[in-house]
Amino acid sequence: LGTTTSMVIDANGIITKPLQPAFSVNKSGTQQANFAINTAVTATFDAERFDNNSDFNLTNNNFVAPVTGKYFLTATLRLDTVDTASNFYAMALLTSNQTYNTIIDPNFGGDLDYFSQTIAIVADMDANDTSHVTIVQSGGTVQTDINGEVAYTYFTGYLLG
């Protein structure tokens, strides 16, 4: 790679790969207020904490796998003003090859101020496959927000090999 360091092995045998695909994105304070019901709403991200190989596309809110491999992906969405009248909330982490879901039935005694949903998976992705995060609220009232705080709403991933 010429003068670009692609792998470092230190005196203790610890190996780091500064070009290894890895990303962490968040909403940097921007919430998605009153998202639509009965439709898959894509979670938007507007800030990168890091993106080692520039593989996350902030415009399209998706990660694009640069090479074929196994990728560890995780996402957390904090939902605010959760509606107990809805049938369910289903969060999905979608890749070109597979959709991974988590679901809650918000049959609580009253509307929740907030509730977080998290997905963590190992995905088999081919070069140029994409992944993104969605949320669906089935029924109820349009009132739920995707919280924009950095510490509560994020999407991360890295190439395992």
Quick one: are [X] and [Y] in side-chain contact, heavy atoms under 4.5 Å?
| X | Y | result |
| --- | --- | --- |
| L159 | V67 | yes |
| S24 | E48 | no |
| I119 | M91 | yes |

*Show your working on side chain to side chain contact (heavy atoms under 4.5 Å, CB included) between Q137 and N87 and close with a plain yes or no.*
CA-CA 8 Å; Q137 175 186 334; N87 300 313; over 6 Å; no

*Remaining members of the apolar cluster that contains V122, side-chain heavy atoms under 4.5 Å*: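 When side chains under 4.5 Å apart are linked, the cluster holding V122 also contains F72, Y158, L160.
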
*K27 and T44: side chain donor to acceptor below 3.5 Å*: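 Note: K27 and T44 side chains meet the donor-acceptor criterion.
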
_N57 side chain to N62 side chain, donor-acceptor N/O pair below 3.5 angstrom_ =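 Result is no, nothing qualifies.
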
*Apply ring pair (Phe, Tyr, Trp, His ring centres under 6.0 Å) to F23 and list each qualifying residue two or more places apart in sequence or on a separate chain.*
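With neighbours one apart ignored, the set is F56, F63, F155.
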
Closest approach of [X] and [Y], non-hydrogen atoms and distance?
| X | Y | value |
| --- | --- | --- |
| L77 | A43 | CD2-CB, 3.9 Å |
| V8 | T5 | CG2-CG2, 3.4 Å |
| S28 | D46 | OG-OD1, 2.7 Å |

Would you say [X]'s side chain and [Y]'s backbone share a donor-acceptor pair under 3.5 angstrom?
| X | Y | value |
| --- | --- | --- |
| T134 | T42 | no |
| Q143 | T81 | yes |
| D145 | N34 | yes |
| D10 | N12 | yes |
| S86 | D83 | yes |
| N147 | L79 | no |

*For Y152, look at atom OH and say whether over 12 heavy atoms of other residues, nucleotides or ligands are found less than 6.0 Å away.*
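At most 12 heavy atoms, drawn from other residues, nucleotides or ligands, come within 6.0 Å of this atom.
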
_Quick check on Y114: does its OH atom have over 12 non-hydrogen neighbours (other residues, nucleotides or ligands) under 6.0 Å away?_
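No.
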
*Take T153 and I146, measure what side chain to side chain contact (heavy atoms under 4.5 Å, CB included) needs, and give me the verdict at the end.*
CA-CA 8 Å; T153 300; I146 300 174; 3.9 Å; yes

Hydrophobic clustering (ILVMFWY, side-chain heavy atoms < 4.5 Å, transitive) - are [Y] and [X] grouped together?
| X | Y | value |
| --- | --- | --- |
| I37 | V133 | no |
| I104 | L112 | yes |
| I135 | V25 | yes |
| V41 | L93 | yes |

_Pairs satisfying side chain to side chain donor-acceptor pair (under 3.5 Å), at least one member in residues 95-107, at least two apart_ =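 Only N97-D129 qualify under side chain to side chain donor-acceptor pair (under 3.5 Å).
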
_For the NZ atom of K17 and the CD1 atom of I9, what is their distance to the nearest 0.5 Å?_
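So the gap between those two atoms works out to 9.5 Å.
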
*Once you round to the nearest 0.5 Å, how far does CG of N38 lie from OG of S138?*
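Here the interatomic distance stands at 5.5 Å.
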
*Given the rule in the side-chain hydrogen bond (donor to acceptor under 3.5 Å, both in side chains) test, do T144 and Y89 qualify, once you have shown the distances and angles that lead to the verdict?*
CA-CA 10 Å; T144 304; Y89 287 85; 2.6 Å; yes

_Any carboxylate oxygen within less than 4.0 angstrom of a Lys/Arg side-chain nitrogen, looking at R78 and E149?_
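Looking at E149 together with R78, the answer is yes, because their closest N to O distance falls below 4.0 Å.
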
*Apply side chain to side chain contact (heavy atoms under 4.5 Å, CB included) to M125 and S131, showing your working.*
CA-CA 9 Å; M125 298 180 74; S131 64; 4.1 Å; yes

